[in-house]
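Throughout, residue positions are numbered sequentially from 1 according to the sequence presented. Start at 1 and go down the list; that is how both ligands and their atoms are numbered.
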Amino acid sequence: MTTTATTATPESKTQHHLAIADQFGAHNYHPLPVIIEHGEGCWVTDVDGNRYLDMLAAYSALNFGYSHEKLIAAATKQLNKVTLTSRAFHNDQLGPFCKELCELSGYEAVLPMNSGAEACETALKMARKWGYTVKGVPRDKAEIICAEGNFHGRTITIISFSTDAQYRDGFGPYTPGFPLVKFGDPSALEKAITKNTVAFFVEPIQAESGILVPPDGYLREVRKICDRHKILFIADEIQTGLCRTGTRFAWQHDGPEARPDAMCLGKALGGGILPISAVVSSREIMGVFKPGDHGSTFGGNPLACAVARAAIELIKDEGLDSRSKELGEYFRGKLQAVGAPAVKEVRGRGLLIGVQIKSDYPKARWFCEKFMEEGLLCKDAHEDVIRFAPPLVIEKADIDWAMERIGPILLSAKPAR
Ligand SMILES: *Cc1c(COP(=O)(O)O)cnc(C)c1O
């Protein structure tokens with residue numbers, strides 16, 4: 001076998017790993033050039049021994065940080081018992097997981113899957129079948145309204161209603177039945193409803209679109225509209241849920257009246273250890289699924305359920321919602337106080353923070369590369385927004401440490417022209 005084309009003698013372990021990932025991996029991502037080898041709390045170490053503060057938290061899948069003692073213990077214990085049974089049989093983790101997730105979320109029934117996209121697909125199937133069997137919509141006519149700028153994952157059906165050209169281009173033909181409305185505008189939703197509408201499917205905050213927070217009361221209005229027209233309100237809380245935005249679920253910012261009919265959960269539910277996602281809803285709505293209608297080989301496996309149970313325990317016991325709220329306010333305040341000319345807006349809720357860069361300044365990616373050189377990892381959301389979403393276990397001192405680096409870099413940016 002020949003040596004890699006890129007480098008015959010790699011200068012560093014990082015270069016070596018970058019070269020083999022480039023040669024043998026698909027190029028469907030454009031990651032920052034850091035090769036993480038180890039993580040603890042909010043900090044990671046790369047293969048060359050450099051340390052970084054992680055302010056992405058795997059898009060909120062690492063809300064509890066890396067290597068959380070209790071999560072590792074739960075995983076290890078379950079690894080040594082049984083990891084997979086399939087749903088052909090029961091396992092002793094699934095029932096307790098469903099019960100505990102119901103208690104945490106205030107819903108009555110849980111359908112476990114693996115990835116977030118699968119949870120979304122599950123919710124869409126549930127809404128369609130509810131439309132046909134309960135609401136009485138004519139066969140194959142169901143419409144599920146979605147919001148412009150949405151992100152719900154990467155399956156063909158989900159990208160069918162994306163408004164991001166790159167998510168769609170080259171992947172048609174698309175799944176029909178998903179009209180779009182402007183995000184944050186309740187009257188646009190009401191106008192788009194027809195007799196065949198079965199649901200409105202929406203993120204409480206559009207994270208991938210640049211941490212777009214809707215006007216106060218938006219979800220309360222959505223709830224009323226959905227009730228008025230007898231359609232389901234389904235919230236995608238995969239990124240915003242489980243304390244990320246300063247409340248247990250992001251819809252709660254609009255008060256108890258905003259409660260959705262169903263939620264999609266994922267990311268942090270797996271404790272940053274493995275993928276587990278779920279749809280939670282009422283017994284009545286979930287009841288549209290009959291044995292054989294839907295499923296997944298790994299969905300509800302005992303290893304994932306054991307880890308998720310430990311994650312649920314942490315959410316209940318560690319006050320992560322108020323921690324996220326307080327530290328988020330503190331962090332946003334610090335970011336605002338920099339007063340950098342490059343910054344158009346600092347926004348977000350809890351520890352889901354977006355810093356929008358003015359259009360005549362370098363792209364958000366440029367800032368992320370600078371931060372990395374200073375030992376701080378984060379990611380652009382959309383071209384012009386820097387996303388700060390550290391693990392919720394972050395300390396105030398870590399935020400201060402980060403601000404010593406973020407401030408000067410924001411101030412150093414010069415307009416492109
Ligand atoms: C990440 C995400 C998804 C998709 O989750 P995957 O696990 O990547 O499939 C869906 N919805 C939202 C809001 C997300 O942030």
Q | Pairwise side-chain contact, Ile234 with Phe200, heavy-atom cut-off 4.5 Å (strictly under) | A | no
Q) Any idea how Tyr218 and Phe183 line up, ring-wise: parallel (<30°), tilted (30 to 60°), or perpendicular (>60°)? A) perpendicular
Any salt bridge between [X] and [Y], counting N to O under 4.0 Å?
X      : Y      : result
Glu121 : Lys125 : no
Glu374 : Lys370 : no
Glu190 : Arg228 : yes

(Q) Tell me which residues fall inside the under-4.0 Å heavy-atom shell around ligand 1. (A) Ser115, Gly116, Ala117, Phe151, His152, Gly153, Glu203, Asp236, Ile238, Gln239, Lys267
Q: Would you confirm whether His68, through its side chain, and Lys70, through its main-chain N or O, come within 3.5 Å as a donor-acceptor pair?
A: yes
